Amino acid sequence: MIQVRPSEQMRDLGVVQRGAPVLAQRAKGFDLPAEREAAEQAIEGLFSSMERIGQVHPFAKGMGIAAPQIGIGRAAAVVQPPVPGAPAIVLLNPRIIDRSSDTDEQYEGCLSFFDVRGLVPRPLRITVETNTLEGQRVTATYERGLARLIHHEIDHLDGLLYTARMGTGVAPIPIEQYRQTGRSWAYEQ
């Protein structure tokens, strides 16, 4: 039986892979409500991709995907929290406006290079300002694992991969080695 690498599997599901120019560019914001239809199409594409990917790979820690990862260079992302039944969080033109000074370092993966995982320091709390489809600005604060997921997706919209946030001299590890760590995101309460 031929083993398909996780990154090949994601590519086959329509996820743009590392090295594609769209992943290294800042995504263009939406002029809302004027570009509502374009924003809705991007969101629909993100939900469709999440559904396809979710049928193939379980995401116990939640999942996110940004428009550049499906080849759309626009500032939209969707995050599915790890809590069963929780509604997805839609991010349009998101901007982090506050972050805690308290950080931690956890392993992250990325659909755009799914064969490795990397230790990434992130703030434990972020406040994000985003647009509604009607053009209103709204803010929300996220903590711990959800803050990590959302920050990761906002980085994609800024043209950054998580490797840009890793410590100096720290390299991603192969997925096979990560699986042997037995670590999921853990936070001291």
Side-chain angles (χ1 to χ4, degrees), residues 4-18 23 43 45-70 76-92 94 96 98-100 102-128 130 140-158 160-167 170-189:
V4 177
R5 299 290 304 158
S7 288
E8 292 170 351
Q9 190 176 48
M10 291 302 140
R11 182 200 62 226
D12 292 346
L13 291 168
V15 178
V16 173
Q17 293 301 295
R18 186 181 197 170
L23 294 177
I43 293 166
L46 291 166
F47 274 112
S48 177
S49 292
M50 282 181 76
E51 185 176 322
R52 279 192 313 275
I53 294 163
Q55 291 174 358
V56 173
H57 187 84
F59 290 90
K61 295 188 284 186
M63 173 196 181
I65 190 165
Q69 292 181 279
I70 60 170
V78 175
V79 172
Q80 182 60 58
V83 179
I89 298 165
V90 175
L91 303 165
L92 293 171
I96 297 172
D98 190 32
R99 65 189 78 218
S100 68
D102 294 332
T103 63
D104 79 334
E105 192 171 59
Q106 302 278 344
Y107 278 104
E108 291 185 20
C110 183
L111 299 173
S112 292
F113 53 109
F114 212 51
D115 297 333
V116 297
R117 299 294 183 269
L119 273 174
V120 181
R122 299 255 187 213
L124 288 174
R125 181 187 37 75
I126 60 172
T127 300
V128 177
T130 188
T141 299
Y142 304 100
E143 295 185 350
R144 302 185 181 277
L146 196 51
R148 177 172 294 280
L149 283 168
I150 288 171
H151 198 256
H152 179 110
E153 297 313 322
I154 292 173
D155 276 354
H156 272 300
L157 301 179
D158 289 336
L160 296 173
L161 298 178
Y162 74 72
T163 50
R165 300 247 183 230
M166 293 175 66
V170 177
I173 62 171
I175 186 71
E176 296 81 7
Q177 185 179 343
Y178 170 74
R179 286 183 183 135
Q180 294 171 7
T181 67
R183 286 181 57 194
S184 61
W185 290 343
Y187 296 96
E188 293 180 16
Q189 296 292 340

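These numbers come from a predicted model, not from an experiment. Scope of the values below: all heavy atoms of this structure, side chains included, with no hydrogens, waters or symmetry mates.
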Give the ring-plane orientation class for Tyr107 versus Tyr178, where under 30° counts as parallel, over 60° as perpendicular and anything between as tilted.
-> perpendicular
Ring-ring centroid check Tyr142 His151, cutoff 6.0 Å = no
May I ask you to decide whether Arg148 forms a salt bridge with Asp104, counting only side-chain N to carboxylate O separations under 4.0 Å?
-> yes
Any donor-acceptor pair under 3.5 Å linking the side chain of Glu153 with the backbone of Ala67?
-> no
Between atom CG of Leu160 and atom CG of Leu23, what is the distance when rounded to the nearest 0.5 Å?
-> 11.0 Å
Without swapping roles, check the side chain of Thr103 against the backbone of Pro123 for a donor-acceptor pair under 3.5 Å.
-> no
Under 3.5 Å, is there a donor-acceptor pair linking the side chains of Arg11 and Ser7?
-> no
Distance from Leu149 atom CG to Ile89 atom CD1, nearest 0.5 Å?
-> 8.5 Å
Give me the one residue out of Leu111, Val16, Ile65 that meets side-chain contact (heavy atoms from CB on, under 4.5 Å) with Ile70.
-> Ile65
To the nearest 0.5 angstrom, please state how far the CZ atom of Phe114 sits from the NE2 atom of His57.
-> 3.5 Å
Atom pair CE/OG of Met50 and Ser48 - distance to nearest 0.5 Å | 11.0 Å
For Pro172, side-chain contact (heavy atoms from CB on, under 4.5 Å) partners two or more places apart = Val116, Tyr162, Thr163, Met166
Starting at CD1 of Ile96, measure out to CD1 of Ile154 and round the result to the nearest 0.5 Å.
-> 4.5 Å
Are the charged groups of Arg122 and Glu108 less than 4.0 angstrom apart, N to O?
-> yes
Between Ile150 and Val128, is a side chain to side chain contact (heavy atoms under 4.5 Å, CB included) present by the stated rule, with each step listed?
-> CA-CA 9 Å; Ile150 288 171; Val128 177; 4.0 Å; yes
Taken to the nearest 0.5 Å, the spacing of Arg144 CZ from Asp102 CG works out to 9.0 Å
Could you tell me whether the side chain of Arg18 and the main chain of Ser112 form a donor-acceptor pair under 3.5 Å?
-> no
Exam field: side chain Gln69 to backbone Ala66, donor-acceptor pair closer than 3.5 Å = yes
Go through the side-chain N and O atoms of His152 and Arg165 and say whether any donor and acceptor fall under 3.5 Å apart.
-> no
